[in-house]
Amino acid sequence: MVHLNAMAITHFSFKLKRGSMDFPIFHIDFIGNRMLIAIDAILHVIINHAFAVGALPIIALLEFSGMRLKDDRWDKLAYRLLKIIFIITTTVGALTGVGIWFSASLVNPAAIGSLIRVFFWGWFTEWIVFVAEVSLIMLYFLSWETANRSPEAKRKHLRLGFFLATFSWITMAIIVAILGFMMDTGNWATDRTLLSGLFNPIYLPQLAFRTTLAMVMGGITMLGLSYLFTQDDFSFRTKVSRVISRWSSVWMIGLVGTAIWYAKVIPTHMLANVPVAVTTQEYVHWNNSLIWLLVFGLAFVSWVLWSSVKHSGKVHGAKYVISALVLFAILGQFERVREFIRKPFIIGNYMYANGIRVDDYPLLQRDGILQHATYASVRDITSDNQISAGREVFEQTCTRCHTVNGVNSIRDQLKNMYGEKPWQSDVIAAYIDNMHGARYFMPPFPGNKAELNALSVYLASLQKRAVAFYGVQHTGIPTPDKTSTSTVYGKLPDLEKIHGDQY
Amino acid sequence: MLAPIPRDIPLPLPAPEGFLDILLIVSFLVHIIFVHLMLGGSLFSLVCQIKGLKIPDYEKLAYKIMQTVTVNKSLAVVMGVAPLLIINTLYAPQFYASSALIGDMWMMVIPLVTLAFLLAYVHKFWWNHFVNIPELHLGISALETLLFLFIPLIFMTNINLMLFPEYWADVKGFFSAMLLPNVLQRYLHFLSASVLLSALFFFWWTGRKTVQESLVLDAIRVIDIRRFFYAFAFGAIIFQILTGLIVFISLPTQGMSWSFTLSLILGGLIALPAIFWMWQNLTNSSHLLDDNFKHIIGCFVLTAVIMGVARHDYRENALADHKMAIAEKTANYMAAVKEANDEAKVAKETSKLNDAANPGKTAFEKNCIACHHATLPTVGPSVQEIKNIYANNPTGIMTWTKAPGKKRADSMPMPAFSHLNDDELMTISQYILNQ
């Protein structure tokens with residue numbers, strides 16, 4: 001029975017290629033929903049770029065050097081560095097990765113739920129590679145000391161290290177494909193397959209940029225830690241620093257190239273999607289912030305690496321720490337810009353950042369979103385319930401990105417726009433109506449005129465009284481009404497009656 | 001309370017539902033085995049460490065057990081990704097709803113697990129640093145174990161809540177969901193499974209020569225330790241049967257069926273020979289503890305597989321009607337979406353024809369309306385205001401538009417519209433002045 005339903009849905013979705021989904025609305029009003037994901041994801045990305053993808057090849061390199069030079073100081077250092085990598089990646093690293101799933105599912109289940117349906121096998125493959133990576137790092141780390149018992153065992157152990165570094169990079173290659181898809185659906189809009197979604201024009205430049213950045217980040221962090229661990233052996237410090245610096249410098253050259261490549265591809269691509277001249281202003285501001293950070297940041301790190309090659313062992317550890325922080329900032333800003341230029345969409349041309357699909361708009365703008373939101377507490381707007389209805393509209397259409405009083409606060413936005421003069425709801429409504437034209441990162445308003453007016457009344461009321469918005473994790477969902485407990489309501493057709501016994 | 005019926009994600013499943021079900025059952029079993037070993041390991045390490053205050057050999061054992069926890073914890077996490085992914089795929093409307101309802105505590109899983117893991121590393125890697133402060137060492141071990149004990153309760157609460165949409169409207173925050181039937185009973189059953197599985201594992205593990213050698217234990221101590229674990233395992237299986245019966249009678253009726261009941265009975269029955277053999281090994285001096293070990297494990301594996309399938313059966317029973325209702329509602333909704341899109345297309349065609357008759361309005365709406373409303377100030381001044389400022393002066397508007405200055409301190413600067421030619425600009429300007 002359930003299978004027939006799945007087939008019916010499949011049939012309809014292929015035919016109609018649209019739909020919408022609704023979920024109880026989780027909300028954090030202080031740091032905001034976006035920052036929840038951002039904190040978790042940036043932490044994860046810094047760890048996996050610097051300590052996994054970037055650092056693991058260096059560990060293998062150091063182990064190899066120790067074998068070649070028959071000097072066990074290299075081996076001891078490599079093991080010590082690996083211990084730190086092991087601890088960080090298997091605790092904060094792994095858990096923040098799972099945390100992205102958790103937070104994305106709470107903040108925008110519509111988006112992540114849709115992506116899983118399309119990219120399930122991509123993520124499944126990624127997971128298989130993760131299992132390999134976790135097993136390999138445990139084997140590599142936990143068998144280190146026993147592997148030193150014989151040259152044959154040591155050779156096998158080193159091979160393990162290279163495998164581990166490779167698998168770590170493969171996980172990056174897979175996830176970048178999915179990230180690229182969110183910005184540009186490529187042929188998926190017409191094709192709707194995993195492959196057509198994976199190979200979009202942003203993929204290769206982004207992967208190349210991340211790989212080189214990760215390698216440099218790994219190099220700098222390992223240089224910093226090695227500096228710390230070789231305090232009492234200056235000649236060894238010089239040798240180690242030379243090896244790691246040379247490795248990192250090669251990648252640094254690559255990073256400059258890939259950064260230019262990526263910086264070229266993105267604007268051409270994103271601006272092509274942007275119709276109105278005014279919006280390029282905003283975009284240019286955002287892009288510039290990254291460009292300047294890249295130029296000055298990479299210049300500084302290049303200088304540190306160059307001195308590290310030329311005067312190995314003499315560069316003070318603090319320079320590595322600052323370089324690491326600069327690289328973390330570059331990566332963080334890069335992620336921010338990537339997230340920003342994807343707006344107003346969360347899945348390009350398919351779903352807006354508010355979790356509502358492009359194709360849902362005609363229905364919602366005709367009937368109103370409150371008619372169709374299963375978990376809404378207000379359905380009809382009257383002259384008496386303007387503010388509470390408006391607040392409900394705010395919850396359904398704005399809270400994925402805005403808070404009332406916290407980060408990206410709507411009250412602050414209104415203050416910036418209208419200052420101390422009394423806020424007028426009709427002015428606010430007029431603005432929101434065409435807002436998506438002036439602010440290209442904003443989705444169009446997904447409701448009808450009555451809802452737009454109610455929302456504007458609510459927003460105007462925030463000037464005097466702004467109560468923080470609480471999500472369902474505090475308030476629970478409203479008592480289910482006829483709309484939410486029925487399969488047919490309002491203007492919805494009853495296909496069972498029309499098509500007969502198809503279910 | 002009537003259950004809310006949300007809409008589903010109307011994208012096709014990535015594979016046939018039956019295949020995903022099997023994948024879910026298998027991957028979840030693998031995940032839960034490692035969770036049991038991790039939790040049980042942490043528990044046993046604490047117990048052995050306490051025993052180790054009087055008997056040093058147990059302290060060495062406690063340390064070695066933490067080495068298994070290091071491995072099992074990472075496998076527990078990575079193996080948890082697959083069932084999480086599949087649950088997200090198969091049960092999106094239910095699972096995202098229950099997750100949101102316990103959202104704060106659900107999100108807390110991440111920092112709590114991270115903390116538990118970091119504590120486990122402190123506990124293990126710095127073992128010899130605590131020689132003079134064993135109390136602190138025990139405190140860290142206890143905190144780590146408490147975290148491992150609490151975190152599964154969050155998962156169980158979520159997995160339970162997703163099954164009963166009729167309760168969703170009653171839930172306000174994590175604790176009200178945790179107290180729903182029959183989370184706590186299932187949790188006790190889960191706990192005894194952790195003790196059972198890890199006790200059996202450590203019994204087997206301490207029987208291995210390499211482990212005995214690395215612990216430097218004499219033969220008598222080895223027997224003592226193995227008997228310690230075996231006795232725990234036996235106690236755990238008795239507790240497991242009792243809690244299993246309690247779970248069975250307290251399960252909400254929504255998911256019950258006769259086939260499900262029969263599988264539970266079958267699963268329980270298969271464990272009986274194992275219990276008999278274990279009892280025999282413990283009490284009859286002509287039997288060794290190692291007797292029939294493979295058979296005992298075989299029974300428990302079968303039981304676990306049957307229980308794993310039965311769990312899924314219960315879930316499907318509980319949600320069968322809800323899933324159908326969701327599918328119906330989704331189909332109806334999508335038909336409405338199509339209808340509205342078709343209407344909008346027609347309306348667009350009509351307005352296109354009207355626009356051809358009014359090029360000024362069309363050009364204005366394409367380029368200017370985002371910031372200039374007819375009567376109210378939005379991003380820039382209203383059309384009425386512009387009309388007043390530039391009365392009878394269309395070229396004035398054109399000049400400004402090509403190179404806007406900055407007249408208003410509190411307004412956003414207007415960008416230049418240099419891509420519009422003079423004809424277009426004149427059309428727009430005249431439209432404005434005619435409003």
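Each chain gets a letter, A, B and so on, in the order its sequence line appears, and its residues count up from 1. Side-chain atoms are counted along with the backbone in the values below, which use heavy atoms only and exclude waters and symmetry mates.
- The part of B/E343 that comes within reach of chain A is its side chain, from C-beta onward, which places non-hydrogen atoms under 4.5 angstrom from that chain.
- Both the backbone and the side chain of B/V71 come within less than 4.5 Å of a heavy atom in chain A.
- A distance of 8.5 Å separates CD in B/E365 from CG in A/N434, rounded to the nearest 0.5 Å.
- Closest non-hydrogen pair, A/V427 versus B/P377, comes out as CG1-O, 3.0 Å.
- Proximity to chain A (any heavy atom under 4.5 Å) is shown, for B/I110, by both the backbone and the side chain.
- With a 4.5 angstrom heavy-atom cutoff, B/F125 touches chain A only via side-chain atoms.
- You'll find the side chain of A/T90 reaches within 4.5 Å of the side chain of B/K73, heavy atoms only.
- Comment: B/D8 engages A/R117 in a salt bridge, judged by a side-chain N to carboxylate O separation of less than 4.0 angstrom.
- For chain B, no part of A/I128 is nearby; none of its heavy atoms comes within less than 4.5 Å.
- Of the possible donor and acceptor atoms, none in the side chain of A/W101 sits under 3.5 Å from a partner among the backbone N and O of B/L84.
- The candidate from A/M417, A/E133, A/M435, A/Q473 with the greatest count of non-hydrogen atom pairs under 4.5 Å with chain B is A/Q473.
- Counting only distance, with no hydrogens or angles, the side chain of A/D22 and the backbone of B/R7 share a donor-acceptor pair below 3.5 Å.
- Side-chain contact between A/I87 and B/F117: absent, with no pair of heavy atoms (C-beta onward) separated by less than 4.5 Å.
- At distances below 3.5 Å, at least one donor-acceptor pair connects side-chain atoms of B/N341 with backbone N or O atoms of A/D359.
- Ranked by non-hydrogen atom pairs under 4.5 Å with chain A, the options B/G103, B/A169, B/P14 are led by B/P14.
- Heavy-atom distances place no part of B/L115 under 4.5 Å from chain A, backbone and side chain included.
- Taking CG of A/L95 as the reference point, atom OG1 of B/T114 lies at 3.5 Å (rounded to 0.5 Å).
- For chain B, the nearby part of A/L36 is the side chain; its heavy atoms alone come within less than 4.5 Å.
- Residue contact with chain B, scored on non-hydrogen atoms closer than 4.5 Å, is absent for A/Y470.
- The closest side-chain heavy-atom distance from B/M324 to A/T487 is not below 4.5 Å.
- In this structure, the side chains of B/Y96 and A/L106 stay at 4.5 Å or more apart for every pair of heavy atoms.
- Put simply, of B/N88, B/I369, B/V113, the one with the most heavy-atom pairs under 4.5 Å next to chain A is B/I369.
- Using cut-offs of 30° and 60° on the angle between ring planes, the pair B/W168 and A/Y375 is tilted.
- To the nearest 0.5 angstrom, A/L363 atom CG is 13.0 Å from B/K338 atom NZ.
- Chain A forms the most heavy-atom pairs under 4.5 Å with one residue out of B/V77, B/L118, B/V171, and that residue is B/L118.
- Side-chain atoms of B/K172 do not come within 3.5 Å of backbone N or O of A/G476 as any donor-acceptor pair.
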Query raised in the report: Are A/F120 and B/L85 close enough, and set up right, to give a side chain to side chain contact (heavy atoms under 4.5 Å, CB included), and what steps lead you there?
Result: CA-CA 8 Å; A/F120 179 86; B/L85 196 65; 4.1 Å; yes
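- Options B/T375, B/T378, B/V81, B/D104 differ in how many heavy-atom pairs under 4.5 Å they form with chain A, and the most are formed by B/D104.
- With a threshold of 4.5 angstrom between heavy atoms, A/S105 approaches chain B through its backbone and through its side chain.
- In this structure, the portions of B/M79 lying under 4.5 Å from any heavy atom of chain A include both its backbone and its side chain.
- Considering only heavy atoms from C-beta on, B/P6 stays 4.5 Å or farther from A/F23 through its side chain.
- Within the 4.5 angstrom heavy-atom criterion, atoms from both the backbone and the side chain of B/T70 approach chain A.
- By the 4.5 Å heavy-atom criterion applied to side chains, B/I5 and A/S486 are not counted as neighbours.
- Taking every heavy atom of both residues into account, B/L376 and A/A430 meet most closely at CD1-CB, 4.0 Å.
- Both the backbone and the side chain of A/H372 come within less than 4.5 Å of a heavy atom in chain B.
- Heavy-atom pairs under 4.5 Å with chain B peak, among A/V98, A/T479, A/D433, at A/V98.
- Here the OG atom belonging to B/S99 is positioned 10.5 Å from the CZ atom belonging to A/F26, to the nearest 0.5 angstrom.
- Here A/L495 contributes atom CG and B/Y333 contributes atom OH; the two are 14.0 Å apart, rounded to the nearest 0.5 Å.
- Aromatic ring pairs are classed by plane angle as parallel below 30°, tilted from 30° to 60° and perpendicular above 60°; the pair A/F86 and B/Y121 is tilted.
- At distances below 3.5 Å, not a single donor-acceptor pair connects side-chain atoms of A/K491 with backbone N or O atoms of B/A336.
- For the set A/D426, A/T483, A/D367, A/I432, the count of heavy-atom pairs under 4.5 angstrom toward chain B peaks at A/D426.
- The backbone N or O of A/L492 sits nowhere less than 3.5 Å from a side-chain atom of B/N332 that would complete a donor-acceptor pair.
- Contacts of A/Y489 with chain B are made by side-chain atoms alone, with heavy-atom separations under 4.5 Å and no backbone atom involved.
- Looking only at side-chain heavy atoms (C-beta outward), A/I477 and B/P4 come within less than 4.5 Å of each other.
- Using a distance-only test at 3.5 Å, with no hydrogens or angles considered, no donor-acceptor pair links the side chain of A/R366 to the main chain of B/A344.
- Residue B/L319 does not touch chain A at all, counting heavy-atom pairs closer than 4.5 Å.
- A side-chain donor-acceptor contact under 3.5 Å links A/W127 to the backbone of B/V78.
- Atoms OG and CD1, on A/S114 and B/I9 in that order, are 5.0 Å from each other to the nearest 0.5 Å.
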